[in-house]
Amino acid sequence: MAGYQTNLRLTLPLTCVILEVILIILFAVLVEYDHETDAKLWHKHLLQHNDSNYNNDFYYRYPSFQDVHVMIFVGFGFLMTFLQRYGFSSVAFNFLIAAFALQWATLMQGFFHGMHGGKIHIGVESMINADFCTGSVLISFGALLGKTSPVQLLLMAVFEVTLFATNEYILLSILQAKDAGGSMTIHTFGAYFGLVVARVLYRPQLDKSKHKNCSVYHSDLFAMIGTIYLWMFWPSFNSAITAHGDDQHRTVMNTYYSLAACTLATFAMSSLVGPGGKLDMVHIQNAALAGGVAVGTAGEMMLTPFGSMAVGFLAGTISTLGYKFLSPVMEKKLKIQDTCGVHNLHGMPGILGAVVGAVTASLATREVYGDGSVLALRRLSPRRVYVSVCVQHVSLTSRLSSSMEDVFPEIYAGNFSASEQGVRQAISLAVTLGMALVGGVIVGFILKLPIYSGPPDTICFEDAIYWEVPGEMESQEELGTVMSEEVQKPLNS
Amino acid sequence: MAGYQTNLRLTLPLTCVILEVILIILFAVLVEYDHETDAKLWHKHLLQHNDSNYNNDFYYRYPSFQDVHVMIFVGFGFLMTFLQRYGFSSVAFNFLIAAFALQWATLMQGFFHGMHGGKIHIGVESMINADFCTGSVLISFGALLGKTSPVQLLLMAVFEVTLFATNEYILLSILQAKDAGGSMTIHTFGAYFGLVVARVLYRPQLDKSKHKNCSVYHSDLFAMIGTIYLWMFWPSFNSAITAHGDDQHRTVMNTYYSLAACTLATFAMSSLVGPGGKLDMVHIQNAALAGGVAVGTAGEMMLTPFGSMAVGFLAGTISTLGYKFLSPVMEKKLKIQDTCGVHNLHGMPGILGAVVGAVTASLATREVYGDGSVLALRRLSPRRVYVSVCVQHVSLTSRLSSSMEDVFPEIYAGNFSASEQGVRQAISLAVTLGMALVGGVIVGFILKLPIYSGPPDTICFEDAIYWEVPGEMESQEELGTVMSEEVQKPLNS
Amino acid sequence: MAGYQTNLRLTLPLTCVILEVILIILFAVLVEYDHETDAKLWHKHLLQHNDSNYNNDFYYRYPSFQDVHVMIFVGFGFLMTFLQRYGFSSVAFNFLIAAFALQWATLMQGFFHGMHGGKIHIGVESMINADFCTGSVLISFGALLGKTSPVQLLLMAVFEVTLFATNEYILLSILQAKDAGGSMTIHTFGAYFGLVVARVLYRPQLDKSKHKNCSVYHSDLFAMIGTIYLWMFWPSFNSAITAHGDDQHRTVMNTYYSLAACTLATFAMSSLVGPGGKLDMVHIQNAALAGGVAVGTAGEMMLTPFGSMAVGFLAGTISTLGYKFLSPVMEKKLKIQDTCGVHNLHGMPGILGAVVGAVTASLATREVYGDGSVLALRRLSPRRVYVSVCVQHVSLTSRLSSSMEDVFPEIYAGNFSASEQGVRQAISLAVTLGMALVGGVIVGFILKLPIYSGPPDTICFEDAIYWEVPGEMESQEELGTVMSEEVQKPLNS
């Protein structure tokens with residue numbers, strides 16, 4: 001680390017300004033409001049379909065979006081404040097790279113999701129997708145926490161968002177896999193990408209900063225703010241872009257029960273493996289969330305409540321044991337310094353989620369998902385059909401679909417069998433792992449260049465290198481004395 | 001406390017695993033998605049009723065559910081972090097017992113709310129009800145905070161959820177009482193149940209832990225996170241399961257104004273009784289919420305905005321005075337060690353809420369609530385009725401009801417007079433108190449057995465007995481020196 | 001400050017009780033549920049319009065309201081906890097004056113927004129408007145933070161709410177200006193009003209409390225809770241009362257992109273002007289929010305995504321530079337002691353927002369906003385129109401409007417040209433500044449009277465003057481020793 005210098009004043013403003021200017025130019029050239037956001041197009045739609053403002057998708061997606069937004073900025077941000085002297089960087093670099101990534105993701109996902117006359121159309125759904133992609137970058141950030149400069153993180157976001165969008169396109173559009181809550185696209189990808197980058201950026205002398213790589217009492221409480229918000233809103237995360245109606249409703253319930261079971265497993269395992277049966281905050285803060293990750297793919301499917309609970313219980317168990325036994329081995333043997341243990345929270349539970357998704361998909365039947373029958377429509381009187389068609393296009397849409405079409409459109413259309421869907425899910429997991437590993441190596445080496453104001457091994461996990469850090473509170477005795485003189489007098493008078 | 005030992009490594013994993021396995025088995029046997037969550041049933045519903053996915057109740061309950069969820073996990077969890085050395089336990093045991101209780105409540109409430117062909121049907125409404133029941137357990141937890149092990153708390157939840165569901169069934173189904181926000185079922189029941197358990201578990205030597213039974217500066221700020229979230233989302237709590245339309249809208253407004261008035265009363269009383277007019281954080285953290293409790297029954301009724309404000313003002317006054325004058329007496333004379341003062345926040349305001357509900361119900365008239373007239377329908381042309389019936393079943397439902405039917409179905413149906421409804425409300429309060437007292441005594445003695453890894457009197461209110469607690473932050477001077485050597489050098493270069 | 005005494009026990013209870021009693025009486029005389037909240041009126045509406053409970057505006061405004069509510073109580077409250085010894089006062093006085101202001105604002109805005117038969121009608125929209133007005137008071141509070149008693153703040157709220165409602169009436173009803181997110185009515189007004197009051201209340205000897213007018217490590221983290229919530233929910237703030245459909249959807253997106261760009265600008269500028277390129281938490285906590293302020297007027301217009309980003313980038317830049325260079329000058333030369341720097345977060349970005357709004361309005365065309373054509377209706381068959389009219393009044397409303405009518409009703413109606421709308425927007429800014437300056441001077445002198453229990457210059461920024469402040473946590477060594485004796489023994493046994 002001879003060439004080390006924190007030339008942040010040069011690199012950070014330059015990086016931020018260049019990236020934002022590029023974003024603004026690309027948005028000017030390429031981005032338009034979609035038909036539900038644009039003044040003219042929406043009112044044209046209202047007229048043509050005799051629709052109501054109340055049916056703007058905004059009302060059916062925005063509450064979920066805000067829950068996801070809270071997870072990204074408060075959830076991830078505060079979860080990482082557990083380090084005693086890295087709270088400013090945790091919450092604020094999380095803030096910075098998320099603010100960048102969501103803009104860049106809008107563009108990259110827009111390219112892949114299909115242009116409209118050369119333009120990317122944006123609305124509440126693109127906002128949710130951008131936040132999802134951002135989540136993946138923040139997972140990778142978790143593996144690197146304390147050891148990277150904001151410039152490195154922004155640069156990583158540039159590449160990771162691009163790779164994320166590519167992988168997502170391959171999975172969802174080419175392989176026709178299902179992954180509404182992102183067990184594969186978000187969690188597995190983000191975790192293994194970050195782990196590989198951490199491996200490439202291996203710091204042999206990191207133990208010189210070891211005394212700062214731990215929590216203090218209050219920093220653990222701040223981290224619990226992040227944990228609890230992630231836990232509460234995970235049902236919204238997994239359901240945010242599933243089909244309307246039973247799909248969103250069911251995804252929410254599956255995630256809710258998976259997380260509840262996961263929490264009991266986490267407490268059980270943490271106490272079982274702790275010294276003297278004592279619980280470890282690291283497990284509670286992280287492993288209790290694994291249940292959300294593990295139903296990210298299958299959550300929208302007919303997983304059943306008890307199935308969700310079983311998956312959650314398994315995820316909490318694996319994750320806690322991973323923190324206790326696997327992480328130390330990975331650091332020693334594989335030289336992967338995974339600050340937040342993202343392998344245990346996102347990596348293994350993500351793979352579990354992908355497998356559960358593949359199995360659940362391969363078991364899909366028309367008996368369970370229903371068969372949206374056009375015949376049913378015929379049983380209506382022609383008169384009623386006419387009224388319905390001309391008056392209520394919304395319910396018409398739903399009438400012509402089945403839940404099978406919503407969850408597994410290709411099985412519904414007869415293009416795949418259920419077992420083929422399962423195979424494609426499994427292939428998707430393999431593709432995701434491959435993209436993460438190859439991408440991580442390349443990006444890792446780019447980030448290794450000594451030009452990004454990274455910290456030396458001796459002062460990792462330390463805010464003071466990037467921040468003007470205030471002092472601690474004056475000691476109570478000191479204040480107490482001052483107070484007793486200043487305050488008490490007038491009060492007693 | 002001779003037989004004391006914290007054999008948590010044995011008892012906690014065993015309790016968690018056994019309970020969760022039982023839950024998973026019972027869910028497998030007994031629980032099904034309801035018709036709005038199940039893939040096949042919802043699409044069948046769509047077809048039969050020509051309905052729209054946008055009318056899935058998910059969209060009209062889930063935002064309220066998430067607000068309630070935040071209250072349960074962030075609100076209750078952080079409110080209890082005020083103790084200086086019990087923050088981990090407060091927020092994490094709250095997390096653990098809530099995650100268990102919501103699963104168990106799904107089953108117990110499912111039994112009582114009616115099985116469907118031997119199955120319990122679950123959806124967003126059952127999720128809200130389960131969170132409500134959980135809230136009651138957490139109120140009892142508040143009375144026991146710092147003096148019980150997580151094993152005791154889980155066991156208490158097993159029994160309390162069962163009793164809650166029984167009491168709720170008696171009140172809502174047998175007595176036909178109204179209690180949408182749970183002044184009786186949640187607050188009165190939870191508070192008095194917890195107080196009786198605390199009485200049975202009385203610790204004569206608790207003053208040996210007295211120095212830890214208080215807050216520090218930052219722990220009080222963490223507690224304010226809980227307070228503010230409870231305060232903000234209480235309107236969602238009280239309205240979460242009221243009828244759609246004016247009922248939810250009105251309940252929200254009544255709660256909002258009651259809380260606002262309650263806050264001013266709390267500040268006034270706190271300053272009035274404080275030494276030198278100084279405010280006390282305990283009052284602000286707790287008594288400012290009593291306004292939400294006190295309109296838990298009457299909130300959905302035509303209480304009027306100024307009526308809500310008067311009730312809230314009274315609740316804040318009673319609650320603050322209770323903290324100042326009643327709690328010390330209860331501890332000394334009645335031997336009830338009520339850590340969080342739940343008697344002041346949930347007990348007395350809950351009874352007040354029950355009384356206000358009884359009075360408001362007994363004053364209900366058809367002039368005020370309207371008279372959902374089927375005659376009105378007849379005034380429509382037959383043609384229009386036909387179109388309406390076949391096209392818009394949703395509005396049809398609403399057209400045939402009145403708000404009287406929504407709020408007081410038995411008065412609407414002519415089965416009760418308004419004053420009989422009021423009497424039934426009053427009986428419900430008595431039943432609730434009886435259930436809480438008897439149940440609390442029994443459960444208290446069960447929890448008194450010395451096998452649950454409870455803390456000795458000398459180390460109550462202390463995380464270190466159950467947690468691996470990290471050290472405090474290194475002193476600033478120490479870090480400052482290191483920093484000035486390590487960091488300043490490269491920056492100046 | 002010779003006549004100084006903190007006679008809070010007298011003044012605070014008296015002020016709170018008198019204000020609340022007046023509020024309750026005025027509510028009893030003047031306030032009624034509106035037709036969507038009242039039991040009878042809503043069911044009458046359902047019958048007459050064949051409407052559905054699901055169309056109650058509650059479902060389309062309440063999620064936004066709750067986001068705004070979080071901003072007011074958590075966002076503003078915690079943002080101000082950055083001071084090391086003023087956390088209790090920051091979050092709790094914010095709580096107190098907001099609880100009062102929202103009740104008072106309901107009345108004052110009710111007067112101006114139009115009485116219904118001598119009554120003020122309230123519902124979810126009046127709740128949002130009251131929270132908005134409250135926000136303005138809290139902005140002024142930011143300028144005075146640490147230097148005023150709760151009695152002074154309540155009194156300020158009485159006057160400021162009245163002036164706010166007057167100014168809002170002049171702008172929105174008389175001048176027909178547009179200002180959905182309140183760049184002018186909320187931010188510019190609140191900031192300059194507060195700054196003028198701060199000027200009148202100038203404390204020449206405030207440097208005696210200088211050592212407390214700064215943050216400590218954990219207080220900065222608490223403040224970030226406020227920042228992040230404000231940042232996340234600002235899209236809900238700006239869109240909370242815009243027209244349904246594309247308007248709300250578009251406002252959300254514009255605000256979201258403006259904030260994202262603003263965040264990158266803030267990090268860039270903070271590092272650029274910081275010593276050694278180090279970031280300053282004050283900038284991140286505050287300036288990153290300026291993008292929300294700056295699109296408060298134009299957010300609902302067709303600002304385009306890249307336009308929003310450009311405005312946000314500019315706002316973040318101006319705001320950060322203001323904190324660094326302008327605030328010290330204002331304190332030294334203009335004698336304005338602006339504790340939170342509201343001039344940089346709300347003042348300048350508010351003016352920027354007003355200007356952007358005026359320019360965007362003056363560029364409005366029917367090509368961009370669409371022309372809600374009644375002709376289009378004629379192209380429908382009479383039959384279909386009849387069915388539509390009698391069955392679906394909601395969509396009818398939307399069909400007869402255009403987005404031009406929603407955003408610029410006067411331009412739509414042909415009463416104004418676009419450039420005249422722009423001129424009226426500019427006049428509105430001038431009126432707002434005038435009202436704030438004149439009002440601030442008068443209210444400042446009222447608050448200068450030495451009868452409100454204000455703190456002396458020597459103990460500003462200090463909770464202990466108004467609060468019973470607990471001690472700090474016992475030192476770790478001390479606790480550690482106790483623990484090792486008490487806890488370890490049984491665990492090892």
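In the text below, chain A, chain B and the rest are named by the order of the sequence lines, each starting its count at 1.
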Looking at [options], which makes the most heavy-atom pairs under 4.5 Å with chain C?
{"options": "A:His35, A:Lys40, A:Glu32", "answer": "A:Lys40"}
{"options": "A:Phe78, A:Phe88, A:Trp42", "answer": "A:Phe88"}
{"options": "A:Val17, A:Leu96, A:Leu154", "answer": "A:Leu96"}
{"options": "A:Gly123, A:Gly77, A:Pro63", "answer": "A:Gly123"}

Proximity breakdown for [X] and chain C, heavy-atom pairs closer than 4.5 Å:
{"X": "A:Leu14", "result": "neither"}
{"X": "A:Phe222", "result": "side chain"}
{"X": "A:Ile225", "result": "side chain"}
{"X": "A:Ser126", "result": "side chain"}

Which portion of [X] sits near chain A, non-hydrogen atoms under 4.5 angstrom:
{"X": "C:Phe313", "answer": "side chain"}
{"X": "C:Ala265", "answer": "neither"}
{"X": "C:Ser236", "answer": "both"}
{"X": "C:Leu221", "answer": "both"}
{"X": "C:Met301", "answer": "backbone"}
{"X": "C:Val368", "answer": "backbone"}

- Query: Does NZ or CZ of C:Arg250 come closer than 6.0 Å to the centre of the six-membered ring of A:Phe58, within 45° of the ring's axis?
  - Reply: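 Pair C:Arg250/A:Phe58 does not count as cation-pi.
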How far does [atom1] of [X] sit from [atom2] of [Y], to the nearest 0.5 angstrom?
{"X": "C:Ser270", "Y": "A:Glu468", "atom1": "OG", "atom2": "CD", "value": "7.5 Å"}
{"X": "C:Thr263", "Y": "A:Ile97", "atom1": "OG1", "atom2": "CD1", "value": "12.5 Å"}
{"X": "C:Met309", "Y": "A:Leu26", "atom1": "CE", "atom2": "CG", "value": "8.5 Å"}
{"X": "C:Phe306", "Y": "A:Ile25", "atom1": "CZ", "atom2": "CD1", "value": "10.5 Å"}

Are the side chains of [Y] and [X] in contact, using a 4.5 Å heavy-atom criterion?
{"X": "A:Asp38", "Y": "C:Met302", "value": "yes"}
{"X": "C:Asp406", "Y": "A:His43", "value": "yes"}
{"X": "A:Thr81", "Y": "C:Met224", "value": "no"}

- Task: Could you check whether the rings of C:Trp231 and A:Phe73 sit parallel, tilted or perpendicular, using 30° and 60° as the cut-offs?
- Result: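 Rings of C:Trp231 and A:Phe73: tilted, as their planes differ by 30° to 60°.
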- Message: Can you tell me how the ring of A:Phe93 sits relative to the ring of C:Phe267, calling it parallel under 30°, perpendicular over 60° and tilted otherwise?
- Response: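 Taking C:Phe267 first and then A:Phe93, their aromatic rings sit tilted (interplane angle of 30° to 60°).
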- Might you point out which heavy atoms bring C:His218 and A:Ser219 nearest each other, and give the distance in Å?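 Nearest pair, atom of C:His218 first, then A:Ser219: NE2-N, 4.3 Å.
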- Query: Looking only at heavy atoms, what is the nearest atom pair of C:Ile284 and A:Ala92, with distance?
  - Reply: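 Of all heavy-atom pairs spanning C:Ile284 and A:Ala92, the closest is CG2-CB, 4.3 Å.
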Heavy-atom pairs under 4.5 Å with chain A - which of [options] has more of them than the others?
{"options": "C:Met269, C:Glu367, C:Met404", "answer": "C:Glu367"}
{"options": "C:Gly307, C:Ala260, C:Gly274, C:Ala288", "answer": "C:Ala260"}
{"options": "C:Pro235, C:Ala243, C:Gly245", "answer": "C:Gly245"}
{"options": "C:Val273, C:Asp220, C:Val407, C:Thr317", "answer": "C:Asp220"}

- Apply side chain to side chain contact (heavy atoms under 4.5 Å, CB included) to C:Phe233 and A:Val70, showing your working. CA-CA 9 Å; C:Phe233 290 163; A:Val70 171; 3.7 Å; yes
- Item | Single hit among A:Asp57, A:Asn56, A:Asn53 for side chain to side chain donor-acceptor pair (under 3.5 Å) with C:His249 |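 Answer to the side chain to side chain donor-acceptor pair (under 3.5 Å) test with C:His249 among A:Asp57, A:Asn56, A:Asn53: A:Asn56.
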- Message: One pair to check against side chain to side chain contact (heavy atoms under 4.5 Å, CB included): A:Gln103 and C:Leu264. What are the steps and the verdict?
- Response: CA-CA 11 Å; A:Gln103 296 177 77; C:Leu264 268 82; 4.0 Å; yes
- So, the side chain of A:Arg9 versus the backbone of C:Ser271: is there a donor-acceptor pair under 3.5 Å, distance only?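 Looks like no, no N/O pair under 3.5 Å.
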Could you tell me whether the side chains of [X] and [Y] share a donor-acceptor contact shorter than 3.5 Å?
{"X": "A:Asp463", "Y": "C:Tyr217", "value": "yes"}
{"X": "C:Ser64", "Y": "A:Tyr62", "value": "no"}
{"X": "C:His244", "Y": "A:Tyr59", "value": "yes"}

- Message: With a 6.0 Å cut-off on the ring centroids, do A:Phe65 and C:Tyr256 count as close?
- Response: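 Yes, they do, as the ring centres are separated by less than 6.0 Å.
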- Task: Return yes when atom NZ of C:Lys208 has more than 12 non-hydrogen atoms of other residues, nucleotides or ligands closer than 6.0 Å, and no otherwise.
- Result: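 No, NZ of C:Lys208 has 12 or fewer neighbouring heavy atoms, counting only those of other groups under 6.0 Å.
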- side chain to side chain contact (heavy atoms under 4.5 Å, CB included) assessment of A:Leu12 paired with C:Leu279: CA-CA 10 Å; A:Leu12 185 59; C:Leu279 295 159; 4.0 Å; yes
